[in-house]
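Values below: all heavy atoms of this structure, side chains included; hydrogens, waters and symmetry mates excluded.
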Amino acid sequence: MPANQPRSQGGNHRLDRNRDRRIALVVHTIADTPAVFQGLWILLYLLEANQVSIFVELVNGLADALTWWSQDIFTMHTEGVGALLNYALPAVIYLLAGQGIAARIRRRSPCCVNPNL
């Protein structure tokens, strides 16, 4: 090992990789949360849950707030199909975006660096 190269360099790469994994996990969680609420709302809507229930109102409100940008993209004759498409599309977009960003974060971390080189 050259004298001017610090010995702890390999440990720094490991710390960077662990930090990037944690960041990727946070991104996953942030992207998965809206998708879970949207999926739950689709399920409650299709199963005709009691619309007056506080839980159903909460899930509906959160799903509506998270899909404000995609409301009424699809207008169908059947309300169930319209609700499915209008809430499923944003859920899929949130999931794909979160997976893509998290994968990019994980990929940028130095995974196979030999500290002795």
Q. Looking at Val27 and Gly98, what are the two nearest heavy atoms and their distance?
A. CG1-O, 3.7 Å
Q. Do the non-hydrogen side-chain atoms of Leu85 and Leu89 ever get within less than 4.5 Å of each other?
A. no
Q.
Can you list, by chain and residue number, the hydrophobic cluster partners of Ile54 when the side-chain cut-off is 4.5 Å?
A. none
(Q) Can you tell me which residue among Leu25, Asp20, Asn18 is in a side chain to side chain contact (heavy atoms under 4.5 Å, CB included) with Arg22? (A) Asn18
Q: Hey, could you give me each pair passing side-chain hydrogen bond (donor to acceptor under 3.5 Å, both in side chains) that has a residue in residues 86-101? Not counting sequence neighbours.
A: Asp64-Tyr87, Trp69-Tyr94
(Q) For Ala103, give me all partners under side-chain contact (heavy atoms from CB on, under 4.5 Å), at least two apart in sequence or on another chain. (A) Arg106, Arg107
Q: Report whether Val59 and Leu84 are members of the same hydrophobic cluster (ILVMFWY, side-chain heavy atoms less than 4.5 Å apart, transitive linking).
A: yes
Q.
When you measure from the side chain of Gln38 to the backbone of Ala91, do you find a donor-acceptor pair of N or O atoms at a distance under 3.5 Å?
A. yes
Q.
Going by side-chain contact (heavy atoms from CB on, under 4.5 Å), name the residues that satisfy it together with Leu62, two or more places apart in sequence or in a different chain.
A. Phe37, Leu58
**Q.** salt bridge (charged side-chain N to carboxylate O under 4.0 Å, His left out) partners of Arg19, counting only residues at least two apart
**A.** Asp16
(Q) Apply the hydrophobic cluster definition, ILVMFWY joined by side-chain contacts under 4.5 Å directly or through others, and give me every member besides Val92. (A) Leu96
Contacts table for residues 45-53: side-chain donor-acceptor under 3.5 angstrom, sequence neighbours left out:
from  : atom 1 : to    : atom 2 : distance (Å)
Tyr45 : OH     : Glu79 : OE1    : 2.9
Asn50 : OD1    : Val52 : N      : 3.1
Gln51 : NE2    : Ala49 : O      : 3.3
Ser53 : OG     : Phe55 : N      : 3.4

